[in-house]
Amino acid sequence: MNTDDERGPSRADQASMRFDDAPERFRAGNTSDQFSGASGVLFEQAMAQTRMAICLCDPHAEDMPIVFANRAFRRLTGYSEDEIVGRNCRFLQGPETDQESVARIRKALETEDVVVVEVLNYRKNGTTFWNALHLGPIYNDKGELVYFFGSQWDVSDVRASRAEEQHAKEMARELSHRMKNMFAVISGIVNVTGRVRGIQSEAAEINARIQALGRAYETTLDEASSGSIAIGEAIRAVLSPYDQDGQRLDLRGNGVSMPFTTISVIGLVLHELAANSTKYGAWAAEGGKVEVKWGLSDDGESLVIDWIETGGPRVDPSAIEDGTGTAIVDRLLSTGRGSINRTWNESGLNAVVTFPAGAN
């Protein structure tokens with residue numbers, strides 16, 4: 001029977017422990033140490049059944065050779081038992097192996113210490129893998145060092161994920177820098193156009209919207225690589241500048257995350273509501289306040305934002321006329337299959353904004 005067969009062991013194999021006889025043979029050849037009796041049987045079972053690559057090295061033999069390697073170790077490295085036993089573990093190292101990591105391993109062996117280190121190792125076929133090596137001493141009942149124990153775990157996928165995550169963060173920072181520059185350039189063009197054409201007030205309104213978009217995006221770029229963003233950060237970024245004394249805005253929401261493309265729509269909608277409140281609503285009156293609540297709908301299909309104004313000037317609903325801000329909000333929401341329901345109370349506007357949670 002080939003003990004390194006890639007197929008999983010059968011129940012009969014597991015019961016008889018014959019699918020990997022290396023532990024049994026090792027124990028038979030080391031009857032003088034602690035691997036005897038019930039402990040020996042337990043050792044056989046653990047080493048044969050575990051999927052973790054494990055080896056033992058003899059610290060008393062010249063060059064500290066490997067004296068035992070289980071099947072998981074052989075599968076991981078691609079070497080047969082005859083090619084492993086009797087060799088120092090350094091045969092797994094190669095040109096790109098970090099010598100600082102090797103030095104940490106060497107020091108742990110010299111001081112009989114426990115160490116966990118990630119080291120680049122090489123298989124028999126020349127391919128590399130990142131090995132999370134857990135190394136430590138094994139003592140007998142007399143406290144004498146008998147072996148060094150090494151467990152190997154292929155963490156190549158984990159390392160790749162870390163690298164991708166770091167790359168995404170670096171890209172987000174670069175994108176943030178470029179977007180700031182882009183918004184600054186657009187804002188400058190709008191200002192110049194406004195002065196040349198004598199429409200400074202209109203240019204200021206446009207710039208306010210540009211700045212609101214910039215604030216909404218700037219605080220969320222670090223999360224953009226995940227494709228899902230905590231909407232609360234964007235809401236705070238857009239609305240906080242309107243609450244100059246920190247007493248007139250009450251934000252209440254949970255950790256709802258939304259697609260990155262939703263941010264621009266929500267950011268501009270909230271900006272228009274805030275600008276309207278500053279001119280005509282609660283923030284136009286001393287002591288007026290705005291409460292903003294957000295969360296998912298009961299069916300989880302939509303983001304729901306409640307905009308509630310209190311303490312503002314008395315409102316006559318019959319005198320309300322749709323302006324540019326209203327048209328912008330309605331157009332944005334209809335494009336994204338969202339909606340807004342406005343109710344004018346005596347002390348201000350109460351608006352409920354609904355937007356699909358999976359909108360693109």
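Along the sequence shown, residues are numbered consecutively beginning with 1. Please read all numbers here as calculations on a predicted model, not as lab measurements.
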Worksheet item: Do Asn131 side-chain atoms and Trp153 backbone N/O form a donor-acceptor pair below 3.5 Å?
Response: yes
Practice prompt. Mind telling me whether Tyr242 and His271 have parallel, tilted or perpendicular rings, with 30° and 60° as the class edges?
Written response: tilted
Worksheet item: Could you give the distance from NE2 (His60) to CG (Leu145), rounded to the nearest 0.5 Å?
Response: 5.0 Å
Item to complete: Please confirm whether the backbone N or O of Lys289 pairs with a side-chain atom of Asp243, one donor and one acceptor, at under 3.5 Å?
Response: no
Practice prompt. With side chain to side chain contact (heavy atoms under 4.5 Å, CB included) as the test, would you mind laying out the steps for Trp130 and Leu120 before giving the verdict?
Written response: CA-CA 5 Å; Trp130 280 100; Leu120 185 68; 3.8 Å; yes
Worksheet item: Under 4.0 Å between a Lys/Arg side-chain N and an Asp/Glu carboxylate O for Asp63 and Arg90?
Response: yes
Worksheet item: Does Ser277 use its side chain to pair, donor to acceptor, with the backbone of Trp283 at less than 3.5 Å?
Response: yes
Worksheet item: Would the Tyr147 and Phe68 ring centres measure less than 6.0 Å apart?
Response: no
Worksheet entry | Side-chain touch Tyr280/Leu349, heavy atoms, less than 4.5 angstrom | no
Worksheet entry | Atom CG of Asp299 with >12 non-hydrogen neighbours under 6.0 angstrom | yes
Worksheet entry | Point-to-point distance, once rounded to the nearest 0.5 Å, from CG of Leu76 to SG of Cys55 | 10.5 Å
Fill in: Backbone of Ala237 reached by a side-chain donor or acceptor of Ser240 within 3.5 Å
no
Practice prompt. Inspect the contact between Asp98 and Arg104 and indicate whether a charged nitrogen and a carboxylate oxygen are less than 4.0 angstrom apart.
Written response: no
Fill in: Derivation of the side chain to side chain contact (heavy atoms under 4.5 Å, CB included) call for Ile305 and Val269
CA-CA 11 Å; Ile305 301 176; Val269 168; over 6 Å; no
Worksheet item: Within the distance-only criterion (no hydrogens, no angle test), does the side chain of Ser101 pair as donor or acceptor with the backbone N or O of Val119 below 3.5 angstrom?
Response: no
Discussion item. Whether the side chain of Glu112 engages the backbone of Pro137 through a donor-acceptor N/O pair (distance < 3.5 Å, no angle test) should be reported.
Written reply: no
Discussion item. With no hydrogens and no angle check, just 3.5 Å: does a side-chain donor-acceptor pair link Asp82 and Ser80?
Written reply: no
Worksheet item: Regarding Thr127 and Arg123, is there a side-chain donor-to-acceptor distance under 3.5 Å anywhere?
Response: yes
Item to complete: Examine distances only and state if a side-chain atom of Asn121 and a backbone atom of Phe129 form a donor-acceptor pair shorter than 3.5 Å.
Response: no
